[in-house]
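Only a predicted model underlies this, so the values are computations on that prediction, with no experimental measurement involved.
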Amino acid sequence: MSSGQKRIDEEIYRVVRQIPVGRVATYGQVARLAGLGGRARRVGYALRILSGAGNIPWHRVVNARGGISSRASDGSSEHTQYLRLRAEGVRFGRNGRIRLDTYLWRPERK
DNA sequence: ACATTGACCCGTT
DNA sequence: GAACGGGCCAATG
């Protein structure tokens, strides 16, 4: 892995760390804030290699439809994400999705 | 180098 | 809504 890729990952993590408790951000939103334009997919790769450890609130990143995106593996990760969001007060609708107009993080430029 | 896959997103029908 | 197609691009074999 090149150092350039790693720098991009750090930038992504820097953004994710800023998402407040009880709010969520979409992959595309994180990509934009990290200066990656429309490369939302790149965000998913960065979060995937996180492997649970660390102080990055990866569970606060959801897809553009307000849902938890499926992973290639067993599904425990998705469940953990759901539980952590619930624990922060985020409510899910019957279709398993979040009301983005309520919970989407709107960063204030300072 | 090639093909496939994937924690995505958007527009159209 | 759903189904489809296209764009995107890094990882993997």
In this structure, CG of A:Asp9 is separated from CD1 of A:Ile49 (nearest 0.5 Å) by 4.5 Å
To the nearest 0.5 Å, atom CD1 of A:Ile12 lies from atom CZ of A:Arg39 at 10.0 Å
With hydrogens left out and only the distance checked, is there a donor-acceptor pair under 3.5 Å joining A:Tyr45's side chain and the base of C:dA11? no
Record whether the side chain of A:Arg48 comes under 3.5 Å of the base of B:dA7 through a donor-acceptor pair of N or O atoms.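 Check fails, no donor-acceptor contact within cut-off.
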Mind checking if [X] touches a base, just sugar-phosphate, or nothing, with heavy atoms under 4.0 Å?
| X | result |
| --- | --- |
| A:Arg39 | sugar-phosphate |
| A:Gly38 | nothing |
| A:Arg97 | sugar-phosphate |

Whole-Å gap separating [atom2] ([N]) and [atom1] ([X]):
| X | N | atom1 | atom2 | answer |
| --- | --- | --- | --- | --- |
| A:Arg94 | C:dG1 | CZ | C1' | 17 Å |
| A:Ile68 | B:dC8 | CD1 | P | 12 Å |
| A:Arg42 | C:dA10 | CZ | P | 7 Å |
| A:Asp9 | C:dC9 | CG | C1' | 13 Å |
| A:Ile12 | C:dA10 | CD1 | P | 11 Å |
| A:Asn95 | C:dA2 | CG | P | 9 Å |
| A:Tyr27 | B:dC9 | OH | C1' | 12 Å |
| A:Arg84 | B:dA7 | CZ | P | 18 Å |

Q.
Regarding A:Arg14 and A:Glu11, does a basic nitrogen lie under 4.0 Å from an acidic carboxylate oxygen?
A. yes
Does [X] have a side-chain nitrogen or oxygen under 4.0 Å from the phosphate oxygens OP1 or OP2 of [N]?
| X | N | result |
| --- | --- | --- |
| A:Arg41 | B:dG6 | no |
| A:Arg32 | B:dC8 | no |
| A:Ser70 | B:dA7 | no |

Self-check item: Pairwise P distance, C:dG6 and B:dA7 [rounded to whole Å]
Solution: 22 Å
Taking atom C1' in both B:dG6 and C:dG7, what distance in whole Å separates the two? 14 Å
| query | Are A:Phe92 and A:Leu83 connected, step by step, through hydrophobic side chains (Ile, Leu, Val, Met, Phe, Trp, Tyr) whose heavy atoms are closer than 4.5 Å? | reply | yes
Where do A:Arg84 and A:Trp58 come nearest, in terms of heavy atoms and distance?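 Shortest heavy-atom separation between A:Arg84 and A:Trp58 comes out as NH1-NE1, 3.5 Å.
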